[in-house]
Number of protein chains: 2
Amino acid sequence: MDSDSPLKDERRLHILDAATELLATKPTASLAEIATHARIGKATLHRYFPTREALLIELAYRALNLVSEVIQTCRLDQDPAPVALARLAEALVPHGDKWYFLLNEHFWDVNPDLAQAEETVQAPILALIERGQAEGTLRRDISATWIIYLLDFTMFAAWQAIFDGSIARRDAPRLMIEGLLGGIAVKR
Amino acid sequence: MDSDSPLKDERRLHILDAATELLATKPTASLAEIATHARIGKATLHRYFPTREALLIELAYRALNLVSEVIQTCRLDQDPAPVALARLAEALVPHGDKWYFLLNEHFWDVNPDLAQAEETVQAPILALIERGQAEGTLRRDISATWIIYLLDFTMFAAWQAIFDGSIARRDAPRLMIEGLLGGIAVKR
DNA sequence: CTAAAATGAGATAAAATAGTCTCATATTAG
DNA sequence: CTAATATGAGACTATTTTATCTCATTTTAG
């Protein structure tokens, strides 16, 4: 919660990031594996996070705050919706693992607050999409809810493809937006 | 491996399906949870699958065979590519959990054969997409590899949205194909 | 440089999970 | 109906994982 020193705080975040990175691709990873992946001893891991559950919850909040912050930076209420979406993609891709982790791990049973928080953090995106539909840049015959799913999972696709080495990180945002906005069919 | 009787075989498949269903949304589920979810005793679970690893591997093969069979039924080499893609979506959505499980669980380290098999099963889809690009119905400026990612993850999006209750199962294939082929932007 | 604090490696205890076994009940085959 | 087989509940053991603790070494603060 509160930090004793900036150094410890930095270390905390490093551990959280490393843990997210691993857990996003291997949800069954043990604490020993997490510690190794973060290049620290398991004792130290326990010093920062007393239990596995505590780690997971802080992980979720870390992801939540980071993603929330990124979204706010994007100024989604400015420019036509497709342009704002491109900005969002650009900014969010580097944090794909956290976004993925946040939406796929189910802690709503262990911590109901988080479920609510997840929706809150998505709210600006939903607003953006509805704005796009209102201004006529996004299709109205597809529900905003489903568009959010498409956006999220296109992002996961990009992140996974980067992980697999199938696409370059710097190409990801463009590929995402091209495919999402324009579709894969040839226009006639 | 081989079946003693048709009845036991049926039971086997039921267990595998139930396990997939659970593990797709909760990869950390214990064997006891899996047994409960399949509505059998844990002893019986062990009678059919001696170890957790054995269960996982058979799960993968089950998913592989089923999906492979579905893909073959779709006759992806017929009709224009978009039409064939729609057929594929229609046929694959009901097995979304297996498809998801197959592509997300990483058993390539425990069983390298499966990694190869995964690519083999995707081959007809890749061929379809390349055919579409050749015949001019699918965009050539997006790589076939990336299109496969988009297809897969759009499918996962549909499956997740169904699971969340955000969309109706019978609408899923149409939503998938609309979004994937046409994109979410308004054409001008 | 020195003292205080933090860390890692590993021993150890506690808890959870995997896997085995028994036996009474249920199901199936014939 | 009867015998053989399969099942579930739960006791039980083995193994893995989580969590605690110690202590020599490293890092940090001053």
Side-chain angles (χ1 to χ4, degrees), chain A residues 1-62 101 104-111, chain B residues 1-62 101 105-107 109-111:
Chain A
M1 310 300 163
D2 43 11
S3 55
D4 292 327
S5 81
L7 194 92
K8 292 188 70 169
D9 234 28
E10 209 177 300
R11 204 149 169 64
R12 260 184 106 72
L13 294 184
H14 164 72
I15 297 175
L16 287 175
D17 288 348
T20 305
E21 194 177 287
L22 180 59
L23 286 173
T25 61
K26 191 179 177 183
T28 59
S30 71
L31 290 181
E33 288 175 298
I34 293 173
T36 300
H37 189 259
R39 278 172 305 206
I40 60 171
K42 26 180 185 169
T44 304
L45 181 58
H46 273 104
R47 284 184 191 109
Y48 281 87
F49 307 98
T51 70
R52 178 183 242 272
E53 191 177 309
L55 174 64
L56 286 179
I57 289 179
E58 296 233 29
L59 225 46
Y61 278 111
R62 156 75 169 157
F101 178 82
N104 283 286
E105 211 74 7
H106 326 275
F107 1 56
W108 12 272
D109 35 53
V110 55
N111 192 334
Chain B
M1 308 301 163
D2 44 12
S3 55
D4 293 328
S5 82
L7 195 92
K8 291 189 68 170
D9 235 28
E10 209 177 301
R11 205 151 167 61
R12 262 184 103 71
L13 294 184
H14 164 72
I15 297 175
L16 287 175
D17 288 348
T20 305
E21 195 176 288
L22 180 59
L23 287 173
T25 61
K26 190 178 178 182
T28 59
S30 71
L31 289 181
E33 287 174 299
I34 293 172
T36 301
H37 190 258
R39 278 172 305 204
I40 60 173
K42 28 178 183 168
T44 304
L45 180 57
H46 274 104
R47 283 183 192 109
Y48 281 86
F49 308 98
T51 70
R52 180 184 241 271
E53 192 177 308
L55 173 65
L56 286 179
I57 288 179
E58 296 232 29
L59 225 47
Y61 277 111
R62 158 76 168 156
F101 178 82
E105 210 76 6
H106 326 276
F107 0 56
D109 36 53
V110 55
N111 193 333

Tell me whether the OP1 or OP2 atom of dA6(D) has a side-chain N or O from Tyr48(B) closer than 4.0 Å.
no
### Short side-chain N/O contact to dG8(C) OP1/OP2 from Thr44(A), under 4.0 Å
yes
Report the residues that fulfil side chain to side chain donor-acceptor pair (under 3.5 Å) with [X], sequence neighbours left out, ordered by chain and then residue number.
| X | value |
| --- | --- |
| Glu33(B) | Lys26(B), Ser30(B) |
| Arg52(A) | none |
| Thr25(B) | none |

Could you go over nucleotides 18-22 of chain D and give all protein N or O partners under 3.5 Å, atom names and distances?
{"from": "dT18(D)", "atom 1": "OP1", "to": "Arg52(A)", "atom 2": "NE", "distance (Å)": "2.9"}
{"from": "dT18(D)", "atom 1": "OP2", "to": "Leu31(A)", "atom 2": "N", "distance (Å)": "2.9"}
{"from": "dA19(D)", "atom 1": "OP2", "to": "Arg52(A)", "atom 2": "N", "distance (Å)": "2.8"}

Residue pairs passing the salt bridge (Lys or Arg N to Asp or Glu O under 4.0 Å) test with at least one member in residues 36-49 of chain B, sequence neighbours excluded, are none
Distance col, row Leu23(B):CG vs Glu105(B):CD, nearest 0.5 angstrom, shows 7.0 Å
Per-helix bend value, the helix from dC1(C)-dG30(D) to dG30(C)-dC1(D), C1' rotation axes over five pairs per end, 10° rounding, shows 50°
Sorted by chain and residue number, the side-chain contact (heavy atoms from CB on, under 4.5 Å) partners of Ala54(A) (sequence neighbours excluded) come out as Pro50(A), Thr51(A)
Please report, rounded to the nearest Å, how far the [atom2] atom of [N] is from the [atom1] atom of [X].
| X | N | atom1 | atom2 | answer |
| --- | --- | --- | --- | --- |
| Arg39(A) | dT27(D) | CZ | P | 15 Å |
| Ile15(A) | dA6(C) | CD1 | P | 13 Å |
| Arg11(B) | dA26(C) | CZ | P | 15 Å |
| Leu45(B) | dA6(D) | CG | P | 17 Å |
| Glu10(B) | dT28(C) | CD | P | 11 Å |

Output side-chain donor-acceptor pairs under 3.5 Å for residues 14-22 of chain A, partner residues at least two apart or in another chain, one line each.
{"from": "His14(A)", "atom 1": "NE2", "to": "Ala38(A)", "atom 2": "O", "distance (Å)": "3.1"}
{"from": "Asp17(A)", "atom 1": "OD1", "to": "Arg62(A)", "atom 2": "NE", "distance (Å)": "3.1"}
{"from": "Asp17(A)", "atom 1": "OD1", "to": "Arg62(A)", "atom 2": "NH2", "distance (Å)": "3.1"}
{"from": "Asp17(A)", "atom 1": "OD2", "to": "Arg62(A)", "atom 2": "NH2", "distance (Å)": "2.9"}
{"from": "Thr20(A)", "atom 1": "OG1", "to": "Leu16(A)", "atom 2": "O", "distance (Å)": "2.8"}

Sorted by chain and number, sequence neighbours left out, ring-ring contact (aromatic ring centres under 6.0 Å, His included) with Phe101(A) holds for Phe107(A)
